[in-house]
Amino acid sequence: MLVKGQIPTKEPKVLIGLVLPEDQQKRVTIKKSDSKIDHKILVQHDTLLLDGNPLSRIHFNQSTADSYFIIHPIQAGRGFHWEKHITIQVLGSIDISIKDGSLFVINQIPLEQYLMCVATSEMSGGCPPALLESQTIAARSWLLAADEQKHAHLGLDACNDDCCQRYQGMGNLTETAKKASQATRGEIIMHHHAICDTRYSKSCGGVSESNDYVWKESGKPYLRAVHDNPNPTLPDLQTNEKFQEWYSQDSDCFCSPQTVPEHKLHQYLGHVDKTGSYFRWNVTFNQNELIKLISNKTNNPFDSIQSIKPLKRGLSGRIIQLEIKGHLNGIESIILLDSEYEIRRVLHPHFMFSSAFFMKKSLDTHSNIDEISFYGSGWGHGAGLCQIGALGMALNNYSTKEILNHYFKSTELEKIYD
Ligand SMILES: [Zn+2]
Ligand SMILES: [Zn+2]
């Protein structure tokens with residue numbers, strides 16, 4: 001595993017989880033590209049079976065440098081609105097074991113081969129080179145900074161999904177994407193001689209978020225809120241009134257449809273992403289839908305929902321503390337949601353695009369919400385690089401360096417290995 005604070009001097013191999021114990025997956029099929037055999041791997045009564053034969057562990061190596069593995073099914077978008085099962089093609093080696101009664105599949109792969117696939121899983125291989133290069137450098141720095149290591153207990157550097165960074169194998173690779181990764185080989189973003197923990201998300205919505213508002217961690221000097229616009233002045237979005245006023249005004253951002261038209265987004269997004277409106281969006285629920293949603297997501301059987309009130313907003317307008325008031329078994333009750341993640345999880349059957357929203361509601365005769373509409377901006381946590389904004393910059397001929405310096409202030413680009 002990668003170690004936080006260590007700067008590699010040669011290309012490392014990384015450990016990526018393809019099937020996690022939490023997926024509770026019991027079967028997977030693996031085929032080598034140069035073989036006709038479909039290996040069927042099963043977990044049956046806590047025993048690992050390879051084509052019917054019990055084994056404690058299964059290991060596959062690439063047979064030649066050009067060969068790869070075809071693996072099915074692999075989860076993409078765990079828990080998000082775009083969740084699906086996909087087939088992936090990967091290089092490196094595959095290690096399969098049982099963990100907590102389910103399959104645990106790890107792909108060990110040289111970092112640069114992994115990154116090539118990340119760039120074209122996160123965004124399409126048809127994006128301009130400056131976007132793919134910026135995306136690759138950010139993905140490399142994030143992994144090598146090893147600051148989050150969300151799956152360290154499993155001995156993994158990252159999983160294959162949005163929870164860490166999207167890795168859907170070689171299926172979407174293009175020559176431009178290969179060139180973008182080769183052109184930036186070994187390049188990372190540094191701040192004060194340390195590798196930057198370069199977070200990114202799909203669309204900031206106009207202003208990116210400071211990391212300490214998104215996660216319960218200290219503020220990082222290079223993860224500050226940035227106005228995603230050539231004019232660097234940050235609008236004040238920390239009150240409901242100011243956020244609502246700004247919402248319909250700031251329309252010429254790098255991530256807005258004015259720069260990247262929404263009907264063209266499908267050319268540029270990852271192939272599992274649905275196209276739609278991400279810069280500005282809205283969703284409406286009635287009282288019954290709200291009761292069902294909030295009761296299910298919070299495990300509190302509400303009889304009615306009376307109010308939903310933002311208590312605190314970050315610099316991008318993302319709500320980071322929200323109060324829900326209603327009746328639980330006839331008694332007036334209040335619950336507090338205290339992160340942008342929790343707010344997005346609770347207020348949508350799948351996952352709300354972002355917590356940067358204001359609400360318009362009507363009340364019924366019992367002072368409950370009759371209907372409520374959420375008007376939001378952006379997609380994702382909003383900290384660090386805005387992927388659609390970086391695309392907008394690349395389409396307007398900004399260089400890789402300019403893009404990275406726009407989102408990650410006071411940082412340097414450095415090559416740490418050849
Ligand atoms: Zn993960
Ligand atoms: Zn943006």
Side-chain angles (χ1 to χ4, degrees), residues 1-2 14-23 74-80 83 104-107 114 118 121-123 131 134-135 138-139 142-143 146-168 199-210 215 224-232 234-235 237 246 250-260 262 265 268-269 277-281 315-318 341 353-354 356 376-396 398 403-404 406-408:
M1 269 181 74
L2 298 163
V14 293
L15 295 160
I16 310 298
L18 300 180
V19 178
L20 303 183
E22 69 187 65
D23 297 339
I74 296 292
Q75 271 203 38
R78 284 184 187 87
F80 288 91
E83 181 176 295
F104 181 32
V105 182
I106 305 174
N107 180 202
Y114 158 79
V118 169
S121 303
E122 286 283 345
M123 298 294 272
L131 179 274
S134 307
Q135 173 69 59
W142 175 82
L143 194 70
D147 205 64
E148 290 199 274
Q149 294 204 316
K150 296 178 185 178
H151 311 279
H153 62 289
L154 294 171
L156 298 175
D157 293 308
C159 75
N160 62 324
D161 211 2
D162 296 273
C163 133
C164 290
Q165 42 194 14
R166 258 188 221 175
Y167 167 60
Q168 295 166 346
R199 316 272 170 101
Y200 54 88
S201 68
K202 218 61 164 206
S203 166
C204 72
V207 175
S208 72
E209 191 53 270
S210 290
W215 299 280
R224 303 291 81 208
V226 168
H227 192 198
D228 207 3
N229 185 299
N231 166 11
L234 215 55
L237 306 177
W246 165 84
D250 203 2
S251 56
D252 59 351
C253 296
F254 291 125
C255 53
S256 70
Q258 213 158 301
T259 314
V260 186
E262 268 161 5
L265 262 182
Y268 302 121
L269 290 178
S277 305
Y278 302 125
F279 185 71
R280 297 289 178 264
W281 48 263
L315 297 170
S316 71
R318 279 172 173 73
Y341 186 92
F353 280 143
S354 87
S377 64
W379 175 12
H381 54 67
L385 180 140
C386 166
Q387 291 172 302
I388 295 177
L391 169 65
M393 291 183 81
L395 291 172
N396 280 288
Y398 284 87
I403 295 173
L404 292 169
H406 169 67
Y407 295 107
F408 304 112

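When a ligand or atom number is given, it counts from 1 through the structure's own listing order.
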Looking only at atom types and distance, does a side-chain atom of Arg318 sit under 3.5 Å from a main-chain N or O of Gly380, one as donor and one as acceptor? yes
Tell me the angle that SG of Cys386 and SG of Cys204 form around the Zn ion (ligand 2), rounded to 10°. 120°
Do Gln387 and Gln135 have side-chain N/O donor and acceptor atoms under 3.5 Å apart? yes
Between Cys386 and Ser208, is there a side-chain heavy-atom distance shorter than 4.5 Å? no
Here the vertex angle at the Zn ion (ligand 1) for NE2 of His151 and SG of Cys163, given to 10°, is 110°
Quick one: the SG of Cys255, the Zn ion (ligand 2), OD2 of Asp228 angle, rounded to 10°, please. 110°
Please check if the side chain of Glu262 supplies one atom and the backbone of Pro257 the other of a donor-acceptor pair under 3.5 Å. no
